[in-house]
Student: 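Shown below is the structure under consideration.
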2 protein chains.
Amino acid sequence: MLDVRRLRLLRELHRLGTIAAVAQAFSYTPSAVSQQLSTLEREAGVPLVRHAGRRVELTPAGADLAARAESVLALLEEASAALAATRSELAGELRIGAFPTAVRTLLPSALVALGAAHPRLELLVTELDPAQVPDALRAGALDLALVHEYDYVPAEPDPALATEPLLIETIFLASAADRPASGDDALRQCAVLPWIAASPGTLCYLMAVRLCQAAGFTPRIRHHADDFATVLALVAAGQGVALVPELALPADPAGVVLTALAARRRTLIACRAGSAGHPAIAAGAAALRTAAGQYLAARTG
Amino acid sequence: MLDVRRLRLLRELHRLGTIAAVAQAFSYTPSAVSQQLSTLEREAGVPLVRHAGRRVELTPAGADLAARAESVLALLEEASAALAATRSELAGELRIGAFPTAVRTLLPSALVALGAAHPRLELLVTELDPAQVPDALRAGALDLALVHEYDYVPAEPDPALATEPLLIETIFLASAADRPASGDDALRQCAVLPWIAASPGTLCYLMAVRLCQAAGFTPRIRHHADDFATVLALVAAGQGVALVPELALPADPAGVVLTALAARRRTLIACRAGSAGHPAIAAGAAALRTAAGQYLAARTG
DNA sequence: ATCCAGCATTAGCTCAGCTTAAGTCCAAGC
DNA sequence: GCTTGGACTTAAGCTGAGCTAATGCTGGAT
């Protein structure tokens, strides 16, 4: 009988590409992962990984096994969800991961509603960049998370995860001076100005670069700030221009001129494949949908 | 993440009904099974088993989980089969279980053909009563087995096993004296005679009793013998009458009069669900089909 | 040519999970 | 009613799987 724990490691290796990354995802040492994969390979009787330069890659047999592992893990996830659904009361932990902006805007009301409806449910919130969310979900560090999809940063489909659209926002160009042009013309006017963007490696950073590139230039990024309040303060101080999603805007963005762009940011709810039926996860997702609805109503109303 | 080893114990408990039987099936002590199930229940957070008198039974949640475990285990079995299929040569063990008659008739030629075609395949044959086959397959003690289905002993469908018809035999009434009547009338003529049957608890024993009961009487079983050669010798010695399937008959059944009955014995090939694609198991099944074909050709030719 | 990121290997330790043994409870039999 | 026996549970102890830490090795980058 194939060991499911080892299959899980193989699946992660399939995606992450290096043993060290798998080890990090599971809080193991690379040695442990290497040993477990060696054992799996011995049991399988077929080479599953092979050396490719100084990293490793899956053989066709390994890739096939990883795909099958995906199905097995999804079934187990469903079984867990079914068990939790038979419990009369929601209890245990619900680990939620979200990007900083959401933690400040959408999450509070969702957490209050969840806590009131399910007092025995322990809500654990982790603030993290959406780029880290898929790994954290897959490794079991999170149960429910919010991720983004930008127009020029397509989220690659992941069979281990289930997603559901939550809300769509407009992206604004924030600058200190008034811009006569609108939309992408305004963007092009900023080609020679200094830019303020998030840290390299984050989704927001990538979004800013790609969006500018699509407009025909590469932004000269002078300042890096992940917090949009800081970003807006820098913009107001005349330090450069920036791209800011609707959700990050305060009620009165003083000293900042906002120009709506054609680009959109889509926020999704994500969980592990098979776990959407878990009552705590379903309740969490519902609370987030309600919070998003309230937010949209407040904006448009 | 639910532990698949523990789920397997739960699945067996679902079928076998007692912890002691599960322990026996896996060569564990009842204590070990009890502890593992307790752990599973604690992890599940829902009662899975409850006491019913001095045994235990599954709760609805437990039964549901056991059904899900069935799917998971079948997927894992398929994954193993797919791995084995990528190996260029068939190697490893193939554990075959069969009833004594088949071991002497069908198996030898099948084993010779298999051994010649796949020299690195280790063939391990176990002689056992068909009644024990399902448990042995499910517990992983066998990979491939032959089982029977009699007209009056329906094999209950088992989601954990896959079966395939192999051959259909006539059942004969064996007696020392000539019987003028044919078919079931001959059977009824033997209502008052002493009977020779297999050991209680075996499928053949059950078949004999049920068949006679269907003919309107309960057989007075004087001798018990599992070996059909012995049975025929006892019949020839005038010790009683017996029911013998076609496959068990020697070329020249001296001193015994055989009357064909309407009842049939269907022999099936069985393996674990999901393992039919395993190349060694597929090769074994193919060899058995060939052997059965040769047998039928020799009988009819 | 040198450095270093990344994987393999070894030794050693910890804990999950097994067995043995004792205890509890229920059903059947004298 | 009491006893006997079977089935499950609990407690204690032991073994091995599987982890960490440390070291060595190799291929690509500077």
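Residue numbering restarts at 1 for every chain, and letters A, B, ... go by the order of the sequence lines.
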Student: Taking atom P of D:dC8 as reference, at what distance in whole Å does atom CD of B:Gln24 sit?
Tutor: 12 Å
Student: So if I take the C1' atoms of five pairs at each end of the helix from C:dA1-D:dT30 to C:dC30-D:dG1 and get each local axis, what angle do the two axes make, rounded to 10 degrees?
Tutor: 20°
Student: Walking along DNA chain C from 5' to 3', note the first and the last nucleotide with an atom under 4.0 Å from a heavy atom of chain B, and give both.
Tutor: C:dG17 to C:dA27
Student: Check side chain to side chain contact (heavy atoms under 4.5 Å, CB included) between A:Arg120 and all other residues, then give those that pass, not counting sequence neighbours.
Tutor: A:Glu89, A:Ala91
Student: Provide, to the nearest angstrom, the distance between the CD1 atom belonging to B:Ile19 and the P atom belonging to D:dC8.
Tutor: 5 Å
Student: Restricting to non-hydrogen atoms, name the atom on A:Asp64 and the atom on B:Ala82 that form the minimum distance, rounded to 0.1 Å.
Tutor: OD2-CB, 3.9 Å
Student: In this structure, how many angstroms lie between the P atom of D:dC8 and the CZ atom of B:Arg50, rounded?
Tutor: 15 Å
Student: What string of B, S and - do you get for nucleotides 13-30 of chain D, 5' to 3', when a contact is any protein heavy atom under 4.0 Å?
Tutor: -----SBBB-----BS--
Student: Could you give the distance from CZ (B:Arg5) to OG1 (B:Thr39), rounded to the nearest 0.5 Å?
Tutor: 10.5 Å
Student: Is it the case that the side chain of B:His51 and the backbone of B:Val56 share a donor-acceptor pair, with hydrogens and angles ignored and the cut-off at 3.5 Å?
Tutor: no
Student: Looking only at atom types and distance, does a side-chain atom of A:Ser80 sit under 3.5 Å from a main-chain N or O of A:Leu76, one as donor and one as acceptor?
Tutor: yes
Student: Of all heavy-atom pairs between B:Val133 and B:Leu146, which one has the smallest distance, and what is that distance?
Tutor: CG2-O, 4.0 Å
Student: CG of B:Leu2 to CD of B:Glu43: how many Å apart, nearest 0.5 Å?
Tutor: 7.0 Å
Student: Only pairs at least two apart or in different chains count here, so list each salt bridge (Lys or Arg N to Asp or Glu O under 4.0 Å) that has a residue in residues 135-144 of chain B.
Tutor: B:Glu12-B:Arg138, B:Arg95-B:Asp143, B:Arg138-B:Asp158, B:Asp143-B:Arg272
Student: Using whole Å, report how far CG of B:Leu9 lies from C1' of D:dC8.
Tutor: 15 Å
Student: Check A:Ala208 against A:Leu243 and note the closest heavy-atom contact, atom names and distance.
Tutor: CA-CD1, 3.8 Å
Student: Please tabulate, for the side chains in residues 29-37 of chain B, all donor-acceptor contacts under 3.5 angstrom to protein atoms that are two or more places apart in sequence or on a different chain.
Tutor:
residue	atom	partner	partner atom	Å
B:Thr29	OG1	B:Ala32	N	3.3
B:Ser31	OG	B:Gln35	NE2	3.0
B:Gln36	OE1	B:Arg6	NE	2.7
B:Gln36	OE1	B:Arg6	NH2	3.4

